[in-house]
Novice: 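Take a look at the following structure, please.
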Amino acid sequence: SVLSPLDNASNVGVRTNLAITFSEAVSAGTGNIEIRKSSDNSLVESIDVTTGQVTFSGTTATVNPAANLDLGTEFYVLVPATAFKDAADNYFAGISATTAWSFTTVATEPVLTINEIDADQTGTPDSAEFIEIYDGGVGNTPLDGYVLVLYNGSNDQSYLAMDLDGKSTDANGFFVAGNSAVTAATQVFTNDTLQNGADAVALYYGNGSDYPTGTAPTTTNLIDAVVYETSDADDTGLLAALGQSVQYNEDQGGTGTTFSVSRTPDGSATIATALPTPGAPNHTAPVVTTLSPLDNASGVAALLALARAAA
């Protein structure tokens, strides 16, 4: 069997589901899976394998704890020998040793933002669409328990939800979901999926199954949201439902097919249009480093007269 998280894993997200992949399909038997703290063996949660917290897909059994795990804590998991069985009623041997399946959660939870969106490109179909998430530069942040939800401005309902379980930001803090041509994308969706606007992208705590197609936007469990357009009228319904006040125009200045909407600098509250940078720091506006004459300088006119005379 294969365990997820792996035994002795570190930096595990506090919303991580537990999973066991077997050599063949299994179903629920009886008994409770226990999650315990390694420090004192105290019981964190006991999960009946016959409830909806345990689901099956092919050869994998997934266990969804009812509550988030504590930060910076080592846990171990016990599985009774009656929990899982195959079609012939052969039972999995179970996990009874406290050191057989243990892991440690992340010490802190970084603040995640939707850092960049590129919905429109030159040509048909759009083939370089992407959504970028940034963790503030912490790096390698697990995204278990998060879901990206895309909202259609034509009816203010969801049209796609992408589970981020098993994904993480890279060493520099970036995660990219996008078309296959976007080399930084570690989660791929088909070309022309990301609508041009007025639409929205939202990041939630939860699972894709919580947001089936046609779900109304909500601020419940919302982490971040960006409402964007390509020279469209403001979608007041999406803005209000997602708690946003500004709709950002990717087509600002007629640059929609070559620019993205991006936070500048990364993770900040300021969003502007710039050349796309999936999986890399966003372009920032130039800043003044030196003025000549200096601010509040005196005697400038005399100096200019001497310069003209010398010329």
Novice: Going by side-chain contact (heavy atoms from CB on, under 4.5 Å), Pro125 matches just one of Thr193, Thr190, Asp192. Which one?
Specialist: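 Testing Pro125 for a side-chain contact (heavy atoms from CB on, under 4.5 Å) against Thr193, Thr190, Asp192 leaves exactly one candidate, Asp192.
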Novice: Looking at residues at least two apart in the chain, or sitting in another chain, which of them share a salt bridge (charged side-chain N to carboxylate O under 4.0 Å, His left out) with Glu45?
Specialist: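 Result, salt bridge (charged side-chain N to carboxylate O under 4.0 Å, His left out) vs Glu45: none returned.
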Novice: Between Ser10 and Thr104, is there a donor-acceptor pair closer than 3.5 Å when you use the side chain of the first and the backbone of the second?
Specialist: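 No: the side chain of Ser10 does not pair with the backbone of Thr104.
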Novice: Say whether Ser154 and Asn152, considering side chains only, have a donor N or O and an acceptor N or O under 3.5 Å apart.
Specialist: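 Yes.
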Novice: Is it true that the side chains of Thr60 and Thr21 contain a donor and an acceptor less than 3.5 Å apart?
Specialist: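 Side chains of Thr60 and Thr21: pair found under 3.5 Å.
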Novice: Between the side chains of Asn17 and Thr62, does any donor sit under 3.5 Å from an acceptor?
Specialist: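 Checked: Asn17/Thr62 side chains show no N/O donor-acceptor pair below 3.5 Å.
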Novice: Could you check whether any side-chain heavy atom of Val201 comes within less than 4.5 Å of a side-chain heavy atom of Leu194, counting everything from C-beta outward?
Specialist: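 Side-chain contact under 4.5 Å: yes.
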Novice: Of the non-hydrogen atoms in Gln247 and Asp235, which two are nearest, and what is the gap between them?
Specialist: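 Heavy atoms only, the tightest pair is OE1-N, 2.7 Å.
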Novice: For Asp89, give me all partners under salt bridge (charged side-chain N to carboxylate O under 4.0 Å, His left out), at least two apart in sequence or on another chain.
Specialist: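 Counting only residues at least two positions away or on another chain, Asp89 forms a salt bridge (charged side-chain N to carboxylate O under 4.0 Å, His left out) with Lys85.
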Novice: Side chains of Thr169 and Asp135: do they bring a donor and an acceptor to under 3.5 Å?
Specialist: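 Thr169 vs Asp135: donor-acceptor pair found between side chains.
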Novice: Under 3.5 Å, is there a donor-acceptor pair linking the side chains of Thr59 and Glu24?
Specialist: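 No.
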Novice: Would you please name every residue forming a side-chain hydrogen bond (donor to acceptor under 3.5 Å, both in side chains) with Asp165, sequence neighbours left out?
Specialist: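 Checked Asp165 against side-chain hydrogen bond (donor to acceptor under 3.5 Å, both in side chains); zero matches.
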Novice: Run the ring-ring contact (aromatic ring centres under 6.0 Å, His included) test against Tyr146 and tell me which residues pass, sequence neighbours left out.
Specialist: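 So Tyr146 forms a ring-ring contact (aromatic ring centres under 6.0 Å, His included) with Tyr205.
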Novice: Has Glu229 got a side-chain atom pairing as donor or acceptor with Asp199's backbone, closer than 3.5 angstrom?
Specialist: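 It does not hold such a pair.
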Novice: Does a side-chain heavy-atom distance below 4.5 Å link Val261 with Glu116?
Specialist: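 Answer no - side chains too far apart.
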Novice: Determine the minimum heavy-atom distance between Thr277 and Glu132, stating which atoms define it.
Specialist: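 That would be O-OE2, 3.3 Å.
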Novice: Among side-chain atoms of Ser209 and Asn207, is any donor-acceptor pair under 3.5 angstrom?
Specialist: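 No.
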Novice: Same hydrophobic cluster for Val176 and Val188, using side-chain heavy-atom links shorter than 4.5 Å among ILVMFWY?
Specialist: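 No, separate clusters.
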Novice: Kindly indicate, with the supporting measurements, whether the criterion side-chain contact (heavy atoms from CB on, under 4.5 Å) is fulfilled by Ile95 and Leu3.
Specialist: CA-CA 11 Å; Ile95 298 174; Leu3 305 174; 4.0 Å; yes
Novice: Keeping the roles fixed (side chain from Ser168, backbone from Leu143), state whether a donor-acceptor pair exists under 3.5 Å.
Specialist: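 Checking the backbone N and O of Leu143 against the side chain of Ser168, no donor-acceptor pair under 3.5 Å is found.
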Novice: So, the side chain of Asn115 versus the backbone of Ile133: is there a donor-acceptor pair under 3.5 Å, distance only?
Specialist: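 No, the answer is negative, given that no donor and acceptor are paired below the 3.5 Å cut-off.
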Novice: Have Asn64 and Gln53 got a donor and an acceptor in their side chains that come within less than 3.5 Å?
Specialist: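 Distance-only check fails for Asn64 and Gln53.
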Novice: Cluster partners of Leu6, using ILVMFWY side-chain heavy atoms under 4.5 angstrom, listed by chain and number?
Specialist: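 Cluster partners of Leu6: none, it stands alone.
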Novice: Could you verify whether a donor N or O on one side chain and an acceptor N or O on the other, from Ser260 and Asp118, lie under 3.5 Å apart?
Specialist: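 Side chains of Ser260 and Asp118: no pair found under 3.5 Å.
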Novice: Do the side chains of Gln195 and Tyr151 get nearer than 4.5 Å, heavy atoms only?
Specialist: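 No. Closest side-chain heavy atoms not under 4.5 Å.
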Novice: Okay, side chain of Asp232, backbone of Thr230: is any donor-acceptor separation there less than 3.5 Å?
Specialist: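 Yes, because the side chain of Asp232 sits within donor-acceptor range (under 3.5 Å) of the backbone of Thr230.
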Novice: Should Thr16 and Pro5 count as side-chain neighbours, where that means a heavy-atom distance under 4.5 Å?
Specialist: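 Yes. Closest side-chain heavy atoms under 4.5 Å.
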Novice: I need the full list of ring pair (Phe, Tyr, Trp, His ring centres under 6.0 Å) pairs touching residues 118-142, with sequence neighbours left out, sorted by first then second residue.
Specialist: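 Found Tyr134-Phe174.
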Novice: Looking only at side-chain N and O atoms, does Asn32 offer a donor or acceptor that is under 3.5 Å from a partner on Ser46?
Specialist: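 Yes, a side-chain donor-acceptor pair sits under 3.5 Å.
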Novice: Would you name the heavy atoms of His283 and Leu275 that are closest together and state the gap between them?
Specialist: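 In terms of heavy atoms, the two residues are closest at CD2-O, 3.2 Å.
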Novice: Do side-chain atoms of Glu34 reach the backbone of Leu43 as a donor and acceptor pair under 3.5 angstrom?
Specialist: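 Checked: no pair found.
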Novice: So, do Phe189 and Asn179 sit near enough that their side-chain heavy atoms are less than 4.5 Å apart?
Specialist: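 Yes; the side chains approach each other to less than 4.5 Å.
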Novice: With a 4.5 Å cut-off on side-chain heavy-atom distances among I, L, V, M, F, W and Y, is there a chain of contacts connecting Val182 to Ile117?
Specialist: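 No: no chain of side-chain contacts under 4.5 Å links Val182 to Ile117.
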Novice: Which atoms form the tightest heavy-atom contact between Pro278 and Ala184, and what is the distance?
Specialist: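 Result for this residue pair: O-CB, 3.6 Å.
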Novice: For residues 214-224, pull every pair meeting side-chain hydrogen bond (donor to acceptor under 3.5 Å, both in side chains), keeping only residues two or more places apart or in separate chains.
Specialist: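 Of all non-adjacent pairs touching residues 214-224, those that pass side-chain hydrogen bond (donor to acceptor under 3.5 Å, both in side chains) are Thr218-Thr220, Asp224-Arg263.
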Novice: What residues, two or more places apart in sequence or in another chain, satisfy side-chain hydrogen bond (donor to acceptor under 3.5 Å, both in side chains) together with Ser268?
Specialist: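 Scan of Ser268 (side-chain hydrogen bond (donor to acceptor under 3.5 Å, both in side chains), adjacent residues dropped) gives none.
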Novice: Report the residues that fulfil ring-ring contact (aromatic ring centres under 6.0 Å, His included) with Phe92, sequence neighbours left out, ordered by chain and then residue number.
Specialist: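 Partners of Phe92 under the ring-ring contact (aromatic ring centres under 6.0 Å, His included) test: Phe22.
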Novice: Of all heavy-atom pairs between Ala202 and Leu222, which one has the smallest distance, and what is that distance?
Specialist: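 For Ala202 versus Leu222, the nearest heavy atoms are CB-CD1, 3.8 Å.
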Novice: For the residue pair Val246 and Gln244, establish whether any side-chain heavy-atom pair is separated by less than 4.5 Å.
Specialist: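 Side chain of Val246 against side chain of Gln244, heavy atoms only: no contact under 4.5 Å found.
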Novice: Give every residue pair that meets the ring pair (Phe, Tyr, Trp, His ring centres under 6.0 Å) criterion with at least one member in residues 210-248, sequence neighbours excluded.
Specialist: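 Sorted result for residues 210-248: Tyr204-Tyr211.
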Novice: Taking the side chain as every heavy atom from C-beta outward, state whether Asn8 and Ser102 have any atom pair closer than 4.5 Å.
Specialist: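 Yes. Closest side-chain heavy atoms under 4.5 Å.
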Novice: Can you list, pair by pair, the side-chain donor-acceptor contacts under 3.5 Å of residues 68-79, counting residues two or more places apart and other chains?
Specialist:
unit_1, atom_1, unit_2, atom_2, d
Asp70, OD2, Lys37, NZ, 3.1
Thr73, OG1, Leu71, O, 2.9
Tyr76, OH, Asn41, OD1, 3.0

Novice: Using modelled atom types and a 3.5 Å cut-off, is there a donor and acceptor pairing between side-chain atoms of Ser158 and backbone atoms of Pro212?
Specialist: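 Yes.
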Novice: Does anything in residues 8-23 pair up under salt bridge (Lys or Arg N to Asp or Glu O under 4.0 Å), and if so which pairs, sequence neighbours excluded?
Specialist: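 Listed once each, the pairs are Arg15-Glu109.
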Novice: Output the distance between atom CD1 (Ile35) and atom CH2 (Trp101), rounded to the nearest 0.5 Å.
Specialist: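 Between atom CD1 of Ile35 and atom CH2 of Trp101 there are 8.5 Å.
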Novice: Could you pull out the closest heavy-atom pair between Gly178 and Ala185, with the gap in Å?
Specialist: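 The answer is N-CB, 3.6 Å.
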